[in-house]
Structure formats: C-alpha cells, structure tokens
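Here it is, the structure in full.
Order of listing sets the numbers, starting from 1, for every ligand and every atom in it. What's counted below: heavy atoms across the whole structure, side chains too, no hydrogens, waters or symmetry copies.
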Amino acid sequence: MIGRRDGVLVAGALRSAQEHHLAHEMLTADAVHSRFPGFALPDDMMAFFEPRAGVLDPEGCVDAHLRLAEAGGAEVHTSEPVEEWRYDRGRIRVVTAKSEYDAARLAFCAGAWTPELLDDEAVDLHVERQVMHWFTPARDAELFTPANCPIAMIEYAPDRVFYFVPDSGDGVKAAIHHEGETTTADAVRRQVDDEDVGRVSRLLATYLPGAAGPRRREDVLIVSACSGHGFKFASAIGEAVADLLMKVDRPDLLPFGRQRLVSQKA
Ligand SMILES: Cc1cc2nc3c(=O)[nH]c(=O)nc-3n(C[C@H](O)[C@H](O)[C@H](O)COP(=O)(O)OP(=O)(O)OC[C@H]3O[C@@H](n4cnc5c(N)ncnc54)[C@H](O)[C@@H]3O)c2cc1C
C-alpha cells in the first residue's frame with residue numbers, strides 16, 4: 001500500500017495491521033526503490049509492505065468451489081439464467097430459461113445483476129464500470145515478475161487509488177480502483193476507449209515506468225475472406241491461422257506482412 005503517510009491507504013493499512021498484529025514493514029520511497037527497483041515513487045510517499053500478501057486466481061477458485069460443491073452433493077446448473085422468482089404458497093418458485101424449480105429456501109447471489117432480479121427498494125445497490133488493463137513491460141521485464149515485485153495499491157491523489165499486479169504470464173495488470181461511471185451489468189459500456197487507457201498508462205508511466213509498455217489485447221486473429229480467390233487457399237490459411245494462434249513461429253508468412261506495402265511505396 002503506497003501513498004502519503006497520512007493518506008487513507010497507508011494510514012488505514014497500518015492501523016489495521018497494528019490492531020490485528022499482522023506482520024508488516026514501513027518503507028520509505030528510497031527503500032522501495034532499492035528493494036523493488038521497478039517502482040519510481042516521489043520522496044513524500046511511503047509504502048506499507050505486507051510480506052504475507054498474495055493474489056488469488058479467481059477462475060481457479062471458482063472452479064475449485066464448484067467441484068467441491070458437486071463432490072458434496074450439490075447439483076450445478078450452468079448456462080441457465082434465472083428469469084424470475086416468487087413466493088408461492090409458502091414455497092419459493094424459481095423460473096429459469098430452461099425449467100422451473102420449487103424450493104423451501106433460496107440463497108440469491110447474482111452479483112452485479114442483483115438489482116435487475118431483486119425488486120426491493122430497500123436494497124440500494126449500484127453497479128460501477130471498472131476497466132482492467134494488461135501491459136507488456138517496455139523494459140526490464142524481470143523487475144515486474146512476482147518474485148521481484150509485489151502487488152501494489154497506490155494512492156496517487158487523496159482518496160484515489162490505482163493498483164498493479166505483477167506479470168504472471170499475461171503481462172502486468174493495472175487499473176483504477178473505482179472512479180467508474182454508474183451503470184447496469186447488462187448495459188455497461190464494454191468498449192475500452194483512449195481515455196480509459198490513457199489514465200492508467202499515465203499512472204503506470206509515473207510510478208512503474210518500465211512496466212508501461214504496449215497494452216495487451218485479447219488473442220483474437222482477424223482472418224479475411226480473401227475476396228473472390230480465397231477458397232483455394234483455405235487449407236493453407238487455416239494452417240497458418242492455427243499456428244499463429246498457437247504461437248508457432250511462421251517465418252514463411254513474412255513476405256505477406258503489411259510492412260511489404262510500406263516498403264513498396266517507399
Ligand atoms: C474490478 C474488480 C476488482 C476486484 N478486486 C477484488 C480483490 O482484489 N479482492 C477481492 O476480494 N475482491 C475483489 N473484487 C470483488 C469480487 O469480485 C466480488 O466481491 C465477488 O466476485 C462477488 O461475488 P458474488 O458471487 O457475490 O458475485 P459475482 O462474482 O458477480 O457472481 C454473480 C454470478 O451470478 C450470475 N448471474 C447473474 N445473473 C444471473 C441470472 N439471472 N441467472 C443465473 N445466474 C446469474 C453471474 O453470471 C455471476 O456468475 C473486485 C471486483 C471488481 C469488479
């Protein structure tokens with residue numbers, strides 16, 4: 001947790017560690033630089049370092065919980081959205097896209113979709129758009145691996161926090177904590193625009209400059225239909241596409257790169 005000593009983040013983490021006797025160290029900006037050289041902090045920032053802090057792999061966790069639930073006798077139904085639920089003569093009736101269920105009790109846990117399914121004015125939930133970004137470090141990639149760099153939250157302005165997770169194989173993760181627009185889970189604006197990227201890139205360039213390389217994108221390959229002459233090449237193109245997606249080196253595609261058009265023009 002990084003920030004001014006009297007900011008909410010460092011002071012709050014310190015108070016919590018003291019109250020609950022958690023192992024921690026307070027580091028000056030200089031101490032952070034010599035121990036974790038990927039960071040570039042101004043002198044008036046401090047770091048609260050917690051050696052036992054870690055990160056969970058949420059997909060792995062969800063998978064493990066589902067498997068354990070099934071092993072314990074639960075029946076798991078996926079791809080079956082709940083459309084409505086209601087009380088029905090002392091029981092609960094749950095209507096899904098596939099079926100209807102009768103239950104004595106219901107635990108309701110629809111996350112960000114809760115407001116749509118829970119017609120209860122007493123429940124005051126709002127959904128906020130959050131955008132996460134992954135970047136390939138621009139230099140010194142080894143400084144940003146979990147062995148050399150902790151997870152960090154940085155209070156970059158009073159009560160405004162940006163966070164960073166080192167590279168475990170998919171690039172470094174960086175995002176702003178909150179500050180997103182209020183929305184709904186279905187209507188959320190999913191396009192990531194230049195402003196979203198710019199805000200996080202600038203913070204990364206300020207506090208972890210070597211990590212601020214190109215932003216990573218999904219592994220989506222756009223394959224063209226090749227105008228009126230593509231069919232006969234389909235098997236060769238298919239093979240090349242499969243290799244590219246599987247990250248198999250394909251030097252024989254180099255003569256077809258977009259770059260050749262630039263050099264022809266020159
Ligand atoms: C950007 C971000 C960063 C976060 N970082 C952290 C962190 O560092 N540490 C931490 O502890 N927590 C973090 N959280 C919070 C954490 O993700 C949530 O607290 C947690 O996922 C809530 O779990 P949940 O099961 O209540 O809801 P969710 O994980 O949202 O699950 C709700 C489920 O309900 C399903 N559902 C919705 N509607 C229907 C329907 N009609 N029928 C059937 N199923 C439906 C959805 O598909 C979803 O699978 C973060 C959250 C965000 C957004």
Side-chain angles (χ1 to χ4, degrees), residues 1-3 8-9 12-13 16-17 20 22 48-50 52-70 74-86 92-103 105-120 123-135 146 149-156 159-168 170-193 195-197 199-200 203-204 215-216 218:
M1 302 291 181
I2 295 171
V8 288
L9 198 59
S16 163
H20 301 285
L22 305 175
F48 166 95
F49 177 65
E50 197 182 348
R52 291 191 59 207
V55 62
L56 296 170
D57 160 29
E59 287 83 4
C61 293
V62 170
D63 192 43
H65 280 91
L66 288 177
R67 275 189 285 111
L68 287 169
E70 281 184 311
E75 231 180 76
V76 177
H77 296 216
T78 58
S79 305
E80 185 176 350
V82 173
E83 291 178 343
E84 61 165 300
W85 63 278
R86 58 178 183 270
I92 297 154
R93 195 101 192 128
V94 177
V95 181
T96 73
K98 289 185 183 163
S99 191
E100 283 198 28
Y101 302 87
D102 170 72
R105 298 191 191 97
L106 177 69
F108 188 90
C109 43
W113 287 264
T114 302
E116 275 86 353
L117 284 171
L118 208 59
D119 187 16
D120 187 340
V123 180
D124 181 21
L125 279 173
H126 78 270
V127 176
E128 191 182 305
R129 177 174 179 266
Q130 295 288 307
V131 186
M132 285 154 285
H133 308 263
W134 282 261
F135 296 87
C149 187
I151 302 146
M153 294 188 89
I154 302 179
E155 191 179 356
Y156 64 95
D159 215 3
R160 298 177 70 182
V161 171
F162 128 90
Y163 60 92
F164 169 87
V165 181
D167 186 354
S168 302
D170 294 324
V172 301
K173 176 178 167 184
I176 291 174
H177 189 52
H178 290 298
E179 301 190 32
E181 67 216 34
T182 300
T183 181
T184 68
D186 287 326
V188 61
R189 188 163 59 86
R190 292 188 180 275
Q191 276 73 31
V192 176
D193 59 29
E195 198 190 328
D196 293 322
V197 180
R199 290 169 69 205
V200 174
L203 288 165
L204 204 56
R215 184 170 158 268
R216 291 170 78 123
E218 303 282 334

So R86 and V95, side-chain contact (heavy atoms from CB on, under 4.5 Å) or not? Walk me through it. CA-CA 9 Å; R86 58 178 183 270; V95 181; 3.7 Å; yes
Heavy-atom contacts under 4.0 Å between L117 and ligand 1: side chain, backbone, both, or neither?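 Near ligand 1, L117 shows its side chain, while the N, CA, C and O stay back.
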Is the shortest heavy-atom distance from the side chain of P166 to the side chain of V172 under 4.5 Å?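 No, every pair of side-chain atoms sits at 4.5 Å or beyond.
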Using a 4.0 Å heavy-atom threshold (strictly under), name the region of F108 that reaches ligand 1: side chain, backbone, both or neither.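 Neither part.
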Does the distance from a Lys or Arg side-chain N to an Asp or Glu carboxylate O, for R129 and D196, drop under 4.0 Å? yes
Considering only non-hydrogen protein atoms, determine which one is nearest to atom 40 (C) of ligand 1 and report residue, atom name and distance to 0.1 Å.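 Among all protein heavy atoms, the one nearest atom 40 (C) of ligand 1 is V82 N, 3.5 Å.
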Is atom 10 (C) of ligand 1 in close reach of the protein, with a heavy atom under 4.0 Å away?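 Flag for atom 10 (C) of ligand 1 set to false, no protein heavy atom closer than 4.0 Å.
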For P81, the ligand 1 atoms whose distance to one of its heavy atoms is below 4.0 Å: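 By the 4.0 Å cutoff, the relevant atoms are 42 (N), 43 (C).
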More than 12 heavy atoms from other groups under 6.0 Å of CD on E195: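 12 or below, so no.
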Angle class for the F108/W85 ring planes (parallel below 30°, perpendicular above 60°, tilted otherwise)?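 The arrangement is tilted - the two ring planes meet at 30° to 60°.
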Would you say CG of L56 has more than 12 non-hydrogen atoms from neighbouring residues, nucleotides or ligands within 6.0 angstrom? no
Look at atom 16 (C) of ligand 1 and say whether a protein heavy atom is found at less than 4.0 angstrom from it. no
Within 4.0 Å of atom 22 (C) of ligand 1 (strictly less), any protein heavy atom? no
When you measure from atom 3 (C) of ligand 1 to every protein heavy atom, which one gives the shortest distance, and what is it?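 Nearest neighbour among protein heavy atoms for atom 3 (C) of ligand 1, to 0.1 Å: Y163 OH, 3.9 Å.
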Considering only the protein, which heavy-atom contact is closest to atom 48 (C) of ligand 1, and what is its distance? W113 CZ3, 4.3 Å
What do you think, any protein heavy atom under 4.0 angstrom from atom 1 (C) of ligand 1?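 Yes; the ligand atom in question has protein heavy-atom contact below 4.0 Å.
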Just to confirm my output: which protein heavy-atom neighbour is closest to atom 45 (C) of ligand 1, and how far is it? A110 CB, 4.7 Å
Strictly distance-based, threshold 3.5 Å: is any side-chain N or O of E128 a donor or acceptor partner for the main-chain N or O of E179? yes
Are any of the protein's heavy atoms under 4.0 angstrom from atom 38 (N) of ligand 1, yes or no?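 So far as the 4.0 Å threshold goes, atom 38 (N) of ligand 1 is in reach of a protein heavy atom.
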Who's the nearest protein heavy-atom neighbour of atom 24 (P) of ligand 1, and how far? G111 CA, 4.6 Å
How about NE2 on H77, more than 12 heavy atoms from neighbouring residues, nucleotides or ligands closer than 6.0 Å, or not? yes
4.0 Å protein heavy-atom contact status of atom 5 (N) of ligand 1, strictly under: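 For atom 5 (N) of ligand 1 the answer is no, since every protein heavy atom stays at 4.0 Å or beyond.
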Could you walk me through whether W134 and D167 pass the side-chain hydrogen bond (donor to acceptor under 3.5 Å, both in side chains) test, one step at a time? CA-CA 9 Å; W134 282 261; D167 186 354; over 6 Å; no
Look at atom 53 (C) of ligand 1 and say which protein heavy atom is nearest, naming residue and atom and giving the distance to 0.1 Å.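 Heavy-atom neighbour on the protein nearest atom 53 (C) of ligand 1: Q130 CG, 4.3 Å.
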Name the closest protein heavy atom to atom 25 (O) of ligand 1, giving the residue it belongs to and the distance to 0.1 Å.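 Ranked first by proximity to atom 25 (O) of ligand 1 is C109 O, 4.7 Å.
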Answer yes or no: does atom CG of D193 have more than 12 heavy-atom neighbours from other residues, nucleotides or ligands under 6.0 Å?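 More than 12 within 6.0 Å, yes.
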When you measure from atom 30 (O) of ligand 1 to the protein, is at least one non-hydrogen atom found at a distance under 4.0 Å?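 Protein heavy atoms within 4.0 Å of atom 30 (O) of ligand 1 - there is at least one.
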Side-chain touch H133/R216, heavy atoms, less than 4.5 angstrom: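 The answer is no; the side chains never approach within 4.5 Å.
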